[in-house]
**Student:** 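I'd like to ask some things about the structure below.
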There are 2 protein chains.
Amino acid sequence: MQAYKDVAKFGAPAAATIEVVAGVDLPGFTMTFSRNEEIFGEEEPADFIYRVVEGVARTVRILSDGRRQISAFHMAGDVFGLEMGEAHRFTAEAVSQCKIALIRRPALERVVERDISAARKVWALTSRDLHDAQDHLLLLARRSATERVCTFLLDIAARSVRGDMVDLPMSRLDIADYLGLTIETVSRTLTQLEREGTIGLPNCRQVVLRDRPAIARDAA
Amino acid sequence: MQAYKDVAKFGAPAAATIEVVAGVDLPGFTMTFSRNEEIFGEEEPADFIYRVVEGVARTVRILSDGRRQISAFHMAGDVFGLEMGEAHRFTAEAVSQCKIALIRRPALERVVERDISAARKVWALTSRDLHDAQDHLLLLARRSATERVCTFLLDIAARSVRGDMVDLPMSRLDIADYLGLTIETVSRTLTQLEREGTIGLPNCRQVVLRDRPAIARDAA
DNA sequence: CGTTGCATTGAAATCCCTCAAGCGAGGTGG
DNA sequence: CCACCTCGCTTGAGGGATTTCAATGCAACG
């Protein structure tokens with residue numbers, strides 16, 4: 001618990017039973033983090049695994065010269081910070097104010113040692129992350145700015161069930177660092193799509209998917 | 001065995017005991033594949049897992065318009081084609097002529113159901129792949145052509161223990177598709193590094209790492 | 001000895017980035 | 001209540017890294 005000694009900073013942890021994955025419930029506690037607050041740091045011992053209860057988190061890597069890359073956004077229900085090694089390989093931060101459930105890793109390890117089906121479900125989490133990373137890889141390696149942005153919009157839309165109105169919980173900088181672009185290119189691409197009538201931009205945190213087929217086409 | 005009915009095409013499979021990971025030995029068989037031959041296809045049922053015995057394989061994804069991305073090169077000892085789902089998510093091909101060990105997936109599943117420590121080792125394979133993918137992600141998102149090529153050279157060098165002389169088993173096109181560049185950019189970057197005296201290029205399939213510190217610096 | 005398949009090189013074009021300014025919403029204080 | 005500030009987003013102009021297109025080189029092979 002070292003990292004969270006100073007609980008005043010984070011809001012009081014609340015003990016609870018956390019469903020890590022379907023059918024695997026473990027004792028844990030929830031904490032709230034404010035916008036941009038660090039949840040855990042790269043290289044820190046991976047003593048917990050984390051599950052988003054409310055809000056959105058991001059996992060980030062930063063190069064020495066400041067170039068930043070967001071590997072994933074984590075929405076309600078997503079598990080992150082699961083490691084086989086001793087240390088975290090990313091920094092995790094709150095995108096918006098969020099409530100996060102923490103599960104002590106030894107507790108998870110114990111269940112995994114005993115229960116094959118639980119072990120399988122935990123493995124599936126890693127496998128899922130791998131698939132996402134591989135899709136992301138293809139995106140970054142071979143897709144144009146427009147394709148990246150459109151893919152991103154469809155992805156976010158699929159993860160937040162709101163019809164054609166999509167809320168973007170993250171800033172343009174976050175989107176840019178996720179897509180391997182600059183903030184300006186993201187902005188220009190969005191306004192370009194708006195000019196073509198493909199999307200609407202009532203404000204900078206909301207997108208209306210006016211022409212999904214066109215977006216899907218652009219997402220290639 | 002449907003996919004490999006036509007064994008004549010591949011060379012006769014040879015039954016053997018395969019070490020999937022340290023301490024997990026399973027019955028399987030080896031087959032040889034010639035340069036550029038397909039080992040398995042995307043969307044095909046994932047009935048086997050694969051381990052490189054000799055040579056090098058690649059896992060590939062292709063977009064409808066022909067853009068290609070290589071997610072990884074697999075060298076001697078590497079396991080690939082491990083899926084939790086029903087189907088492969090990549091195409092796998094032989095980079096050079098290679099000998100591949102195939103393990104029937106049900107055999108693996110049985111061991112994983114019984115033996116927790118084996119399950120853990122198999123999970124570690126997925127976890128390792130995830131780490132590699134995440135490093136690759138950062139490379140593609142935020143690094144320049146020179147940085148990518150230098151990182152690649154160091155990576156290959158680390159995987160083939162030969163001092164400062166590195167053999168490149170793959171073509172320029174393979175390197176380009178792995179690094180998210182074009183073949184011309186890879187070629188230009190290499191000749192640039194040669195002109196600076198950082199590397200030597202006795203021929204297009206061999207690289208001499210003349211100044212490792214400089215390469216490491218360029219790899220950022 | 002021509003063919004074929006990479007690899008290299010050059011010139012031009014393009015896409016995205018960099019730098020710089022302007023805009024707008026939200027918050028603060030006079 | 002409004003001026004002012006701040007922060008994030010947008011927009012523009014210019015530049016640069018990488019791609020594209022095209023030609024040449026080179027080694028292996030029949």
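The chains referred to below are lettered A, B, ... by the order of the sequence lines, with proteins before strands, and numbering in each begins at 1. Owing to the predicted nature of the structure, the values given are computational and were not obtained by experimental measurement.
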**Student:** Between B:Phe40 and B:Tyr50, does the ring centroid distance fall short of 6.0 Å?
**Tutor:** yes
**Student:** Return yes if a side-chain donor-acceptor contact under 3.5 Å exists between B:Asp177 and B:Gln69, otherwise no.
**Tutor:** no
**Student:** Hey, can you pull the residues of residues 169-184 of chain B with a non-hydrogen atom under 4.0 angstrom from DNA chain C?
**Tutor:** B:Ser171, B:Arg172, B:Leu173, B:Glu184
**Student:** Just checking A:Arg148: base, sugar-phosphate only, or nothing, at a heavy-atom cut-off of under 4.0 Å?
**Tutor:** nothing
**Student:** Send over the distance from A:Leu140 CG to D:dT18 C1', rounded to a whole Å.
**Tutor:** 16 Å
**Student:** Do you know which of A:Arg58, A:Arg159, A:Arg51 makes salt bridge (Lys or Arg N to Asp or Glu O under 4.0 Å) with A:Asp78?
**Tutor:** A:Arg159
**Student:** Would you find a donor on one side and an acceptor on the other, under 3.5 Å apart, between the side chain of B:Arg172 and the backbone of B:Cys204?
**Tutor:** yes
**Student:** Between B:Asn203 (side chain only) and B:Arg205 (backbone N and O only), is there a donor and an acceptor less than 3.5 Å apart?
**Tutor:** yes
**Student:** Is the B:Tyr178-B:Phe152 ring centre distance short of 6.0 angstrom?
**Tutor:** yes
**Student:** Determine whether a donor-acceptor pair (one donor, one acceptor, N or O, separation below 3.5 Å) exists between the side chain of B:Arg188 and the base of D:dT20.
**Tutor:** yes
**Student:** Base, sugar-phosphate alone, or nothing: which one does A:Thr191 contact when heavy atoms must sit under 4.0 Å apart?
**Tutor:** sugar-phosphate
**Student:** Any Lys/Arg nitrogen of B:Arg143 or B:Asp218 sitting under 4.0 Å from an Asp/Glu carboxylate oxygen of the other?
**Tutor:** no
**Student:** Provide, to the nearest angstrom, the distance between the CG atom belonging to B:Asp218 and the P atom belonging to D:dA17.
**Tutor:** 14 Å
**Student:** Identify each atom pair where a protein N or O and an N or O of nucleotides 24-30 of chain D are less than 3.5 Å apart, giving names and distance.
**Tutor:**
none

**Student:** Do the side chain of A:Arg212 and the main chain of A:Thr198 share a donor and acceptor less than 3.5 angstrom apart?
**Tutor:** no
**Student:** Is a side-chain donor or acceptor of A:Thr151 paired with a backbone partner of A:Glu147 at a separation under 3.5 angstrom?
**Tutor:** yes
**Student:** Identify whether any heavy atom of B:Arg35 sits under 4.0 Å from a base atom; if not, whether one sits that close to sugar-phosphate; answer base, sugar-phosphate or nothing.
**Tutor:** sugar-phosphate
**Student:** Answer yes or no: is there a donor N or O on one side and an acceptor on the other, between the side chain of A:Arg105 and the main chain of A:Ala46, under 3.5 Å?
**Tutor:** yes
**Student:** Mind checking which nucleotides bracket the chain B contacts on DNA chain C, 5' to 3', with an atom under 4.0 Å from a heavy atom?
**Tutor:** C:dC6 to C:dA11
**Student:** What heavy-atom pair brings B:Ile183 and B:Ala176 nearest, and what distance separates the two atoms?
**Tutor:** N-CB, 3.5 Å
